[in-house]
Structure formats: C-alpha cells, structure tokens
Amino acid sequence: MIDFKFRPDNYFSEGTNSVLLVRLHYPESQWGEQISIYAHEIDRMIHLEAVDFYGNDYMLYPSKVDEPMNLEDLIYLIEGMQVNQDSWEGKMELVLDGIPEASSSFYPELEKYFSEKRKNFGLD
C-alpha cells in the first residue's frame with residue numbers, strides 16, 4: 001500500500017539549494033515529452049519549476065511551498081500541471097497525452113503509483 005502522507009524531511013543538503021525533484025516521461029505523447037520538476041530554496045521558501053527540452057512554460061500549483069510536500073500533494077501537482085499556452089510563441093506546442101512514467105529520489109513510491117495507474121489504464 002502506498003503511503004500518500006509520506007513527506008521527506010528535506011530536499012536540500014548543506015550547500016545545496018536546487019535539486020531535481022521528479023523526472024517525468026510521457027511515452028504516449030507525440031514527441032515522448034520529458035519534463036523535470038526542480039525545487040529551489042529561495043528566501044526560506046521552496047520554489048517549484050517544471051522544465052522541458054523545448055523551453056515551454058508550465059503552470060504548477062502550488063508554485064512554492066514552505067516545507068517539502070507529502071506524496072499526495074506532489075501527485076496533485078503533477079496531475080494538474082499545464083503548459084502555459086500564452087507563452088507558446090516560437091516554441092513547440094505540446095500535448096501531454098497519457099499517464100507519465102515518473103521517478104524521484106525523494107519519493108520512492110511515486111514510480112509505483114504511476115506504474116500502477118498506467119497498468120490500470122492498459123498503457124503497460
């Protein structure tokens with residue numbers, strides 16, 4: 001059983017204020033999009049940023065938190081992530097089809113959650 005209330009103690013080690021939080025891959029999307037979600041510590045807040053190869057702007061909710069998220073909140077963040085269509089000018093238009101494959105060194109059960117969800121929808 002997945003522990004949706006799991007929360008890492010911290011994202012950052014001494015001397016580190018930026019980490020790769022989650023790596024996502026959308027194999028069903030036209031281009032097989034890969035998106036990385038980073039956490040940056042700025043002014044005692046954790047700012048979240050999604051980055052892809054094409055330089056698209058992603059809307060994340062929340063975009064900043066004051067402590068590490070629990071697994072449930074991280075899943076909501078991933079599933080609610082959207083490409084900001086107002087910033088598409090000159091960039092590759094993406095459609096995030098399907099359910100992502102996910103991995104995170106901070107949330108070991110994230111991969112299992114999305115793997116099970118993909119299986120339930122017949123994607124694996």
Side-chain angles (χ1 to χ4, degrees):
M1 179 146 237
I2 295 174
D3 179 7
F4 291 101
K5 297 302 179 191
F6 170 79
R7 178 188 316 267
D9 293 332
N10 197 349
Y11 294 146
F12 311 103
S13 59
E14 189 174 327
T16 304
N17 64 352
S18 185
V19 295
L20 173 61
L21 196 58
V22 178
R23 187 168 303 249
L24 303 169
H25 176 241
Y26 289 82
E28 287 75 37
S29 289
Q30 179 180 4
W31 305 105
E33 278 74 75
Q34 294 194 35
I35 300 169
S36 299
I37 299 176
Y38 290 90
H40 310 285
E41 188 175 38
I42 303 170
D43 296 330
R44 291 187 224 141
M45 293 291 292
I46 300 169
H47 295 253
L48 304 167
E49 172 188 34
V51 177
D52 70 8
F53 178 75
Y54 306 107
N56 289 293
D57 182 28
Y58 292 89
M59 296 183 300
L60 299 176
Y61 182 77
S63 61
K64 62 182 174 179
V65 293
D66 56 1
E67 65 181 351
M69 294 178 286
N70 64 35
L71 178 59
E72 181 178 37
D73 291 340
L74 179 64
I75 291 169
Y76 287 139
L77 178 124
I78 292 168
E79 292 181 339
M81 179 175 60
Q82 297 178 10
V83 179
N84 184 353
Q85 297 177 356
D86 294 338
S87 67
W88 267 351
E89 189 173 323
K91 296 182 181 146
M92 173 100 44
E93 293 184 19
L94 297 181
V95 177
L96 300 178
D97 287 335
I99 297 166
E101 296 170 341
S103 62
S104 171
S105 58
F106 295 95
Y107 297 89
E109 292 185 303
L110 184 68
E111 184 172 350
K112 179 180 179 185
Y113 170 81
F114 280 106
S115 177
E116 288 178 5
K117 187 169 184 176
R118 288 179 57 77
K119 286 178 187 170
N120 288 337
F121 280 86
L123 296 175
D124 279 341

Closest non-hydrogen atom pair between [X] and [Y], with its separation:
| X | Y | answer |
| --- | --- | --- |
| Met81 | Ile35 | CE-CD1, 3.9 Å |
| Leu48 | Ala39 | CD2-CB, 4.1 Å |
| Leu24 | Ala102 | CD2-CB, 3.6 Å |

Answer yes or no: does atom CZ of Arg23 have more than 12 heavy-atom neighbours from other residues, nucleotides or ligands under 6.0 Å?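 Count not over threshold, so no.
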Rounded distance (nearest 0.5 Å) linking atom [atom1] of [X] with atom [atom2] of [Y]:
| X | Y | atom1 | atom2 | result |
| --- | --- | --- | --- | --- |
| Glu109 | Glu116 | CD | CD | 9.0 Å |
| Leu21 | Ser105 | CG | OG | 8.0 Å |
| Glu49 | Lys64 | CD | NZ | 14.5 Å |
| Gln34 | His25 | CD | NE2 | 5.0 Å |
| Asn17 | His47 | CG | NE2 | 11.0 Å |

In this structure, would [X] and [Y] fall into the same cluster of hydrophobic residues linked by side-chain contacts under 4.5 Å?
| X | Y | answer |
| --- | --- | --- |
| Phe121 | Tyr113 | yes |
| Ile78 | Leu60 | yes |
| Tyr38 | Ile46 | no |
| Leu20 | Phe114 | no |
| Val19 | Leu74 | yes |

I want to check something: taking the side chain as every heavy atom from C-beta on, are Ile75 and Leu71 in contact at a cut-off of under 4.5 Å?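 A side-chain contact under 4.5 Å exists here.
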Taking the side chain as every heavy atom from C-beta outward, state whether Ile37 and Leu77 have any pair of such atoms under 4.5 Å apart.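 Counting from C-beta outward, Ile37 and Leu77 do come under 4.5 Å.
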Please evaluate residues Val65 and Asp73 with respect to the criterion side chain to side chain contact (heavy atoms under 4.5 Å, CB included), reporting the C-alpha separation (whole Å), side-chain torsions for both, the decisive distance (0.1 Å), and the verdict. CA-CA 11 Å; Val65 293; Asp73 291 340; over 6 Å; no
Could you go through residues 1-13 and list every donor-acceptor pair under 3.5 Å that involves a side-chain atom there, pairing it with any protein atom two or more places apart or in another chain?
| unit_1 | atom_1 | unit_2 | atom_2 | d |
| --- | --- | --- | --- | --- |
| Asp3 | OD1 | Lys5 | N | 3.1 |
| Asp3 | OD1 | Phe6 | N | 3.4 |
| Lys5 | NZ | Glu72 | OE1 | 2.7 |
| Arg7 | NH1 | Glu67 | OE2 | 3.4 |
| Arg7 | NH1 | Pro68 | O | 2.5 |
| Asn10 | OD1 | Phe12 | N | 3.1 |
| Asn10 | ND2 | Phe12 | O | 3.2 |
| Tyr11 | OH | Met69 | N | 3.0 |
| Tyr11 | OH | Tyr107 | OH | 2.5 |
| Ser13 | OG | Thr16 | OG1 | 3.2 |

